[in-house]
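Below is one structure, written out as structure tokens, with a few remarks after it.
Quick note: residue numbers are just sequence positions, from 1.
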Amino acid sequence: ALLHAEQGKWADAERFARAAAAVGGDRYASGLGQILANEAKCGEAEEWLIRGLTVDPSDGTVTLVSYTGTAENLCDMLA
């Protein structure tokens with residue numbers, strides 16, 4: 001998923017990230033959340049990012065521990 005994301009192939013990245021989350025659970029949630037945010041799927045991105053932080057509150061890729069804004073603002077912040 002990350003390789004596709006780095007190449008800007010967001011649909012492919014999303015597909016692989018969803019597969020990883022389906023098999024590996026919420027430890028892949030923050031990656032999926034960030035990919036969804038890049039695709040402007042803000043509401044769903046927020047859900048996955050929160051799930052990722054629940055599993056690993058010290059996740060360096062997500063800094064939303066005290067985030068209280070809207071899903072749309074979340075996408076702006078991550079873009």
Side-chain angles (χ1 to χ4, degrees):
L2 296 177
L3 177 63
H4 291 289
E6 289 173 3
Q7 296 173 348
K9 298 177 181 175
W10 298 112
D12 291 335
E14 179 184 346
R15 184 168 43 91
F16 285 108
R18 285 187 186 280
V23 173
D26 286 346
R27 65 180 178 199
Y28 297 104
S30 63
L32 176 55
Q34 290 192 8
I35 289 168
L36 291 167
N38 277 296
E39 291 186 285
K41 297 179 179 179
C42 303
E44 189 178 6
E46 182 178 35
E47 293 173 26
W48 281 101
L49 289 166
I50 291 169
R51 288 173 68 171
L53 285 172
T54 301
V55 171
D56 183 5
S58 64
D59 186 344
T61 63
V62 181
T63 56
L64 304 173
V65 175
S66 62
Y67 182 76
T68 59
T70 66
E72 288 75 20
N73 290 340
L74 171 69
C75 280
D76 290 340
M77 185 175 77
L78 292 173

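- By the 4.5 Å heavy-atom criterion applied to side chains, L36 and R18 are counted as neighbours.
- For the pair E14/K41, a side-chain contact is recorded, criterion being any heavy-atom separation below 4.5 Å from C-beta on.
- Across all non-hydrogen atoms, the minimal contact from A45 to A37 is CB-N, 3.5 Å.
- With rounding to the nearest 0.5 Å, the separation of CG in D26 from CG in L53 is 11.0 Å.
- Considering only heavy atoms from C-beta on, F16 stays 4.5 Å or farther from I35 through its side chain.
- Here the shortest heavy-atom pairing between A29 and G52 reads CB-N, 3.5 Å.
- Smallest separation of non-hydrogen atoms from A20 and Y28: O-CD1, 3.4 Å.
- Using a cutoff of 4.0 Å between basic side-chain nitrogens and carboxylate oxygens, E46 and R51 are not scored as salt-bridged.
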